[in-house]
Amino acid sequence: MEKKLSMSDHPKFAVHPDCPDVRRLGGNRFERMLRAEAAAVEAENLAERDKLRMLNDLEEQQQDGRGVTRRTFVAGAAAVTTALATSQFVSTRASFAATPTGTLIHVFLYGGLDGLALVAPANDPVLARVRPDQLLPENGSIALDRNFMLTGSFAPLQSFLDAGQLGFVPAVTDPRLSLSHFQAADACNLGGLPGETGGRGFLDSLVDVLGPGSAFRSVGIGNTLPRSLVGTNGALALGSVGSFNLNGDDRFKAATAKAIGSLFTGINHPVQESVRDGLKALGLAQKLAADGYEPAEGVEYQGIGYAFQQLAHLIKGGANVRVATIGMGGWDTHENQGTREGYVFNHLGELASAMSAFFTDLGDRAANVTVMVSSEFGRRVSQNGSGTDHGRGGVVCILSGKRLAGSLLGRWEGLDELDGGNVPEYNNMFNVFGSVMQGRFGLTNAEVDKIFPRQKYAPVKLFA
Amino acid sequence: MPNRNVPPRRPAEDGRWDDRSGSYPRQRDHEDGYGREGYGERTQTGRGQERSAYADRAGYGDTSYGDQGYRHQYGPYSDGRSREAQQQYAPAPAPRRGPQWVGPQGVPAPGGGYGYEDPTGPVGSDYDEDDAPVGRRRALAVLGGTAAVAVGGAALALTPQGRGIVSDLFGDGDQVDVTADQLNAAIGDTPAGQQPSTVRTYTEQNESYMGSRAGNELRKNSPKTGQLYSSPSAAAAATKVTVKTVLAKDPIRHLASRTTFGINTKTTADIKRMGIDRWLRWQLEPDKIAPTPAELKLSEHATYNLTIKQLREQREALNQKDAHADQEVIQTTIARQIWSDRQLFEVMVDFWNDFLHVAAFFDGGEMTRASFDRDVIRKHALGNYADMLVAANRHPAPLVYLNQNQSTKDRVNENLARENLELYSVGVDGKYTEQDVKQAALLQTGRDVRDDEYVYRPEAHYVGPVKIMGFKHANSSAEGGEAAAEAYFRYLALHKSTARYIAMNLATRFVSDTPPKTLVDRLAKSYTTNKGRIKPVLMTLFSSSEFWASVGQKVRRPMEYLTATYRTLGIQPGAQQGYEQNNENRTPFTEGLRQIRNKMEELGHFPFGMPTPNGYPDIFVAWTSAGTMINGWNEANDIIHGNRRTFAYTVPEKLAGAKPPATAGAYLDALSKKLVHQKLSAKEKTQLLAIAGVASGARVDATFNGAVGAIARALLASPQHHLR
C-alpha cells in the first residue's frame with residue numbers, strides 16, 4: 001500500500017505531494033516526490049557550485065606560492081563531481097524509466113573461464129589436435145558469424161542471438177594481466193595496475209563521467225564491493241534488495257530508522273547529509289523489498305539468476321541503477337571441465353538462463369541495458385588431463401539492448417600461431433571494456449581515456 | 001608504487017576461489033551460524049569446490065611448459081603455487097617477462113605501448129659484461145626519458161619521444177655512450193627538470209576531498225585563532241568551546257574520545273582519577289603500562305612476535321596450521337586497539353602505519369610486514385620520525401613494496417625514492433623537482449633484500465655527487481653509499497616541509513578534517529624545534545586551545561566505529577557457553593579476531609589495509625557510503641545481542657546495570673551514559689523513546705518493554721557515537 005506522503009516526510013521541501021506542479025513530474029507518487037526533491041537539489045547544487053568555485057578561487061589565491069593546484073586529479077573531472085557527490089542526490093537529468101544513457105552490468109566470472117569452451121572456431125585443426133576432449137561439438141553447438149560456434153548451453157539466449165543482441169569478442173587480454181587469479185582480477189577490475197589507477201575501480205571512474213545520481217547509481221550485488229566499484233563514488237554492496245535493511249527485531253526497524261534520521265538533524269556537521277541520504281536509500285530499498293517482486297510472465301530465476309533478479313527489482317523499481325556488478329565463481333576448471341556436456345557446459349547454461357531471464361523480465365527496459373561478461377583470464381589452448389590450465393586470451397560476452405555489429409566481434413586471426421600456448425591477444429581487454437561503455441553511454445574517446453588512464457583508447461567496433 | 005602494485009589476497013582461507021560476492025576471494029565460513037550469503041556460494045557445486053582449490057595443489061610449478069611457459073610462470077604473482085615454489089624466485093626475480101616499473105609510467109616495449117619484454121635484459125647486476133654498456137645506456141635513457149614526464153602522458157625512454165630527448169641532448173641517441181653524470185647534467189639544464197614535480201602518483205587526498213561544500217562547512221566550525229598553554233589541563237580549562245555540537249562539551253570525554261579507539265568507562269575513570277596531565281604522561285610511556293589480559297592472549301597467534309628468520313624457518317609448520325604472519329599482525333593490532341590500555345600509543349601506531357604506509361598485503365610481504373609493524377612503526381611511534389624513516393629504508397618490507405630491491409646503478413627504479421618524497425616526508429607540495437627524484441633514486445641504490453632481509457650491496461650503488469633539494473653529498477664511494485643515503489633520509493625527515501606535512505596530518509587525525517592554520521603552524525614549529533621527536537609535538541597539540549575547541553568535529557571511520565562499538569559495550573575475550581571452536585588451528589580468541597578482521601575488510605577499512613602507499617584518507621567525506629553505514633549499524637546490533645560468540649558480552653537488559661531504572665526517561669539516561677558517555681537533550685530522548693513507543697515518564701521493565709536492544713543499537717547509530 002502506498003503510504004500517503006505528507007509534508008513531514010520531506011520537511012526540506014516546500015512542495016506538497018498533491019500539488020499540480022508535482023503531478024506534472026509524472027510517474028507514481030513516490031517518483032514524483034523524488035523528482036521534486038531533485039529539482040530543488042539541482043538548483044541548490046548550481047548555486048553551491050558557483051559559490052564553491054568562488055571560494056576555491058579565493059583559497060587558491062591565499063595559498064603562498066604552492067605551485068600546482070592541489071586539485072589536480074589524474075582523472076580530471078573527478079574533482080568537481082566528487083566535491084558535490086557527498087550527497088547522493090537524484091539528478092533531474094536522470095528519469096526513472098531507464099535513462100537515455102542506460103545501465104551497464106558487468107558480470108565477472110572468477111577463476112578464468114575457458115573462452116574456447118564458450119565460443120571457438122568451427123572445424124579448427126589445432127583445437128582438434130590439442131584439446132580433443134574439450135572441443136565444442138558440431139552437433140548441438142550454435143552457429144555464429146565468421147565460422148565460429150557457440151556452446152549449446154547458451155540456447156536460452158537464442159532469441160537474443162537472432163535479434164542481434166548477443167555477441168562475443170574472442171582473444172581478449174592485456175599484457176598487464178598475469179596468470180595469478182588475484183593479480184589478474186584486480187587489474188581487470190581496476191582497469192590497469194593499482195599504481196596507474198590510484199586503486200580506484202574502472203567502474204567507479206566511469207561513474208565520475210556519468211555524473212551525480214541516486215544512491216543506487218552504482219551497485220555491487222554481493223556482500224562486498226568488487227574492486228571495480230571501489231573508489232570515491234559510494235557504490236552500494238547489496239546481497240539482495242531485502243538485505244539492504246536494518247537487521248534485528250522487525251517491530252522496531254521503522255521506528256529505529258526514523259529515530260536515527262531525527263537525531264541526524266541540525267547537528268551542525270556535514271556528515272548529517274550523508275547519513276540522511278543513506279537513510280533515504282534504505283527507505284527506497286525497504287519499500288521495494290516490502291512490495292515484493294514478481295518477475296514478468298514466464299520468467300524464472302535460478303542460481304546466479306538470483307543476483308540478476310535483484311538488479312531487475314531495482315531497475316524496474318526506479319532506483320536508477322547506472323552501473324552494477326555481479327560475480328560468479330566456479331570457473332577454475334583444472335579438472336573435469338566437461339565442455340561438451342559436463343560441468344562447464346552446465347555452469348555456462350546457468351549463466352545463460354540467468355541472462356535470458358533477466359532480459360526477458362526487463363522487457364522494454366532491456367533496450368537501455370547492456371550486460372558485459374568477462375573473466376580475469378582464459379585457459380590454455382591445449383587440454384591438461386581432464387581440464388585446462390590458466391591461459392591468456394579469454395572471451396568477453398555482450399548481451400545488449402542495442403543491436404551489435406555481429407555475433408562474433410573484434411579481431412580474430414586464427415590459432416596457427418599461439419602465444420606461448422595461449423590464444424594471442426587479438427583484442428585488448430580495456431579497449432573492449434571501453435567500447436562497451438562508449439556504446440552504452442555515448443562517451444567520447446576522451447572520456448574513455450580518462451577511465452583507463454595509462455593507455456590510449458582504441459575503440460573496437462561492437463555495436464551496429 | 002608497490003611491487004607489481006597488487007596486494008595478492010590470500011587465497012580463500014580454505015583455498016577456494018568461489019565466493020564471488022566479495023572483493024576478496026574468501027569463503028564466508030562463519031562457524032557460529034551466520035550462514036552463507038552471496039551468489040558465489042549459491043552456485044557452488046561439490047565439483048565447483050574441487051575445481052577452485054588451486055591453493056591446495058602443488059602449483060603451476062608442477063607442469064613443465066618449457067618454451068611454451070606462461071609469461072609469468074616465474075613471476076611474483078603465483079599465489080596459487082605452493083609457497084616453496086614461490087620462495088625459489090623471491091626476492092631476486094628470475095629473468096622474466098612482465099611489467100617493468102621504473103617510474104610511475106613504467107617502461108614500455110620498443111615501439112611504445114606496454115610490451116612486456118624486459119628491454120634491458122635480466123634485472124639485477126648479473127649481466128654479461130658484454131651487454132653492460134647497452135644495459136647501462138638504456139637504463140640511463142630511461143632516466144632521461146622520465147625527466148620530461150608530465151601528468152597524463154610520459155615520454156618514455158624507448159618511445160620515440162624518449163629517444164628524441166636523448167637525441168636532442170646529445171645528438172643521435174643510439175650512437176652516443178652517455179654516462180649518468182652527463183645525462184643528469186643535461187636533464188638538470190632542461191626546463192622540464194627544473195619545474196616542481198607535477199607527477200602525482202597519488203592525489204593529496206585529504207586536502208583535495210575537503211575542497212568541497214562539506215569542507216567549507218567544517219571550516220566554519222574551526223576556530224580562526226588559537227593559543228598554546230603551559231599544559232594540556234591549562235588549555236582544557238581555559239578554552240571556551242563555542243562551536244555548536246551535539247557532543248557534550250566535557251574536556252575529559254573529548255580527550256578520551258580523541259586519544260583512544262573509543263571511549264569506555266575505564267578510560268574516563270582513569271583520566272578523572274589521574275587528571276589530564278598525568279594521564280597523558282602515562283599514555284606517552286606505553287612501556288610502563290601493564291598489558292591487559294587480552295594482550296596476554298595475543299600469543300595464541302602462532303606467528304606472534306616471530307622474527308623474519310623464524311618465520312622463514314618455520315614456514316612449513318606455519319603453513320600446515322594456516323597461520324600467516326601478515327594476517328595475524330592485523331588481528332593482533334585489532335585486539336590492541338580494542339583492549340590495550342596503551343590507547344594513545346595504538347592511535348599513533350595506526351597513524352604512522354598510514355603515513356609511512358606499506359600495505360598489509362603485497363607480494364613478498366608475508367614474511368616481512370609483521371616485522372615492519374613491530375620493528376619500524378611500533379619501535380619509533382612515540383620516538384623520533386627521523387629514526388623511523390631511516391629504519392624504514394633499511395627494512396625489507398618497503399624495499400620490496402616499492403621496488404627498491406630492483407634498483408641498481410645500471411637499472412634504477414625510482415619508486416621508493418619518489419614515495420619517500422611524495423608521501424613519507426616533504427609531501428607532494430614539498431617543492432622537489434623531477435631531477436630531485438632521479439638523484440634520490442641514484443643515491444638509494446645498493447639497498448637490497450636477500451632472503452627477506454635487508455642487505456646493502458656496494459657493487460650496485462651509484463657513486464658520484466648528488467644534490468636533492470638542499471641536500472648535497474659527495475657520495476664518493478660505494479661502501480659509503482649506505483651512510484650517504486641515511487644522511488639524506490635524516491635531512492628529509494627534518495625538512496621544514498616534512499614538519500608541515502606531518503603537522504597537517506596530525507592535526508587532521510586529532511583535531512579536524514579542516515585543521516586550523518594556527519595549529520598546523522604551531523605543530524610544525526614544535527616538530528622542527530624538537531628535531532623530529534614526536535612526544536613533544538603531541539604535548540604541543542594537547543596544550544593547544546584548537547584541540548580542546550574542536551569538540552564533535554571528527555567522524556569515526558569504519559574501523560574506528562567498530563572498535564569504539566566493541567569498547568563501549570565492554571565486550572571481552574571469553575567464548576560464550578556452548579561455543580565450539582571447530583577449526584583446530586585457531587582458538588576462540590584468534591577466531592573472533594579473524595571475524596572482526598573480515599568485517600573490517602567488508603567495511604573497507606582495516607589496519608594498514610590500503611593497497612596503495614598513500615594510506616587511508618583521514619577525512620569523513622571519503623567514508624560516506626550508505627552501504628558501509630548500514631553494515632556498521634547491523635554489526636552493532638549483532639554485537640549487542642551477543643552474536644559474536646567468541647566474546648563475552650553483557651545482555652542488553654543489563655547494560656544499564658543489574659537493576660535498571662523503572663521509568664523510560666531515567667532508563668534511557670542510564671543507557672546513554674553507558675553507551676555514548678553523555679546525557680542527551682530532551683528532544684533527542686523523545687526521538688529515541690519513540691522506538692519503544694513510550695513517553696519519558698512511562699514505567700518500563702528491564703527489557704524496556706522489549707525495545708532495549710533496539711534502543712541500544714539506535715544509540716550506537718547516533719551522532720554521539722559516530723562523531724568523536
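Below, chains carry the letters A, B, ... as their sequence lines are ordered, and counting in each starts from 1. Scope of the values below: all heavy atoms of this structure, side chains included, with no hydrogens, waters or symmetry mates.
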task: Using non-hydrogen atoms and a 4.5 Å limit, figure out which bit of Ile630(B) sits close to chain A: side chain, backbone, both or neither.
output: side chain

message: Need one label for Leu229(A): side chain, backbone, both or neither, based on atoms under 4.5 Å from any heavy atom in chain B.
response: neither

message: Using 0.5 Å steps for rounding, measure from the CD1 atom of Ile260(A) to the CE atom of Met629(B).
response: 7.5 Å

query: Can you name the residues that form a side-chain contact (heavy atoms from CB on, under 4.5 Å) with Ala692(B), not counting sequence neighbours?
result: Val694(B), Phe704(B), Ala707(B), Ile711(B)

query: Are Leu680(B) and Leu263(A) side-chain neighbours, meaning at least one heavy-atom pair lies under 4.5 Å?
result: no

task: Take atom NZ of Lys258(A) as the centre, draw a 6.0 Å sphere, and report whether it contains more than 12 heavy atoms from other residues, nucleotides or ligands.
output: no

- request: Start with the C-alpha gap between Phe620(B) and Ser274(A), add the side-chain angles, then the distance that decides, and say whether side-chain contact (heavy atoms from CB on, under 4.5 Å) holds.
  value: CA-CA 10 Å; Phe620(B) 90 92; Ser274(A) 321; 4.0 Å; yes

- line: Looking only at Thr245(B), Val246(B), Asn637(B), most heavy-atom pairs under 4.5 Å shared with chain A are made by Asn637(B)

query: Do you know which of Ala259(A), Ala255(A), Ser262(A) has the most heavy-atom pairs under 4.5 Å to chain B?
result: Ser262(A)

query: Which atom pair, heavy atoms only, marks the closest approach of Arg227(A) to Pro611(B)?
result: NH2-CG, 3.2 Å

Contacting region of Gln720(B) [heavy-atom separation from chain A under 4.5 Å]: neither

field: Gap separating the CG atom of Asp249(A) from the CD1 atom of Ile691(B), nearest 0.5 angstrom
entry: 11.5 Å

query: Non-hydrogen atoms of chain B under 4.5 Å away: do they reach the side chain of Asn245(A), the backbone, both or neither?
result: backbone

field: Option in Pro719(B), Ala714(B), Ala717(B), Ala690(B) with maximal non-hydrogen atom pairs under 4.5 Å from chain A
entry: Pro719(B)

- request: Examine whether an atom of Leu246(A) lies under 4.5 Å from a heavy atom of chain B, and if so say whether it belongs to the side chain, the backbone or both; otherwise answer neither.
  value: both

- request: Mind listing the closest non-hydrogen atom pair of His269(A) and Gln553(B) along with its distance?
  value: NE2-O, 2.8 Å

Toward chain A, the part of Leu723(B) with a non-hydrogen atom under 4.5 Å: side chain

message: Within the structure provided, determine whether Pro270(A) and Leu218(B) are in side-chain contact (heavy-atom separation under 4.5 Å).
response: yes

task: Using the test side-chain contact (heavy atoms from CB on, under 4.5 Å), find all partners of His722(B) that sit at least two apart in sequence or belong to another chain.
output: Phe264(A), Tyr561(B), Trp633(B)

- prompt: What are the two closest heavy atoms between Asn268(A) and Lys244(B), and how far apart are they?
  reply: ND2-O, 2.9 Å

query: At a heavy-atom separation under 4.5 Å, does Ile267(A) approach chain B through its side chain, its backbone, both, or neither?
result: both

Minimum heavy-atom distance between Asn634(B) and Asn247(A), given as atom pair plus value: OD1-N, 2.8 Å

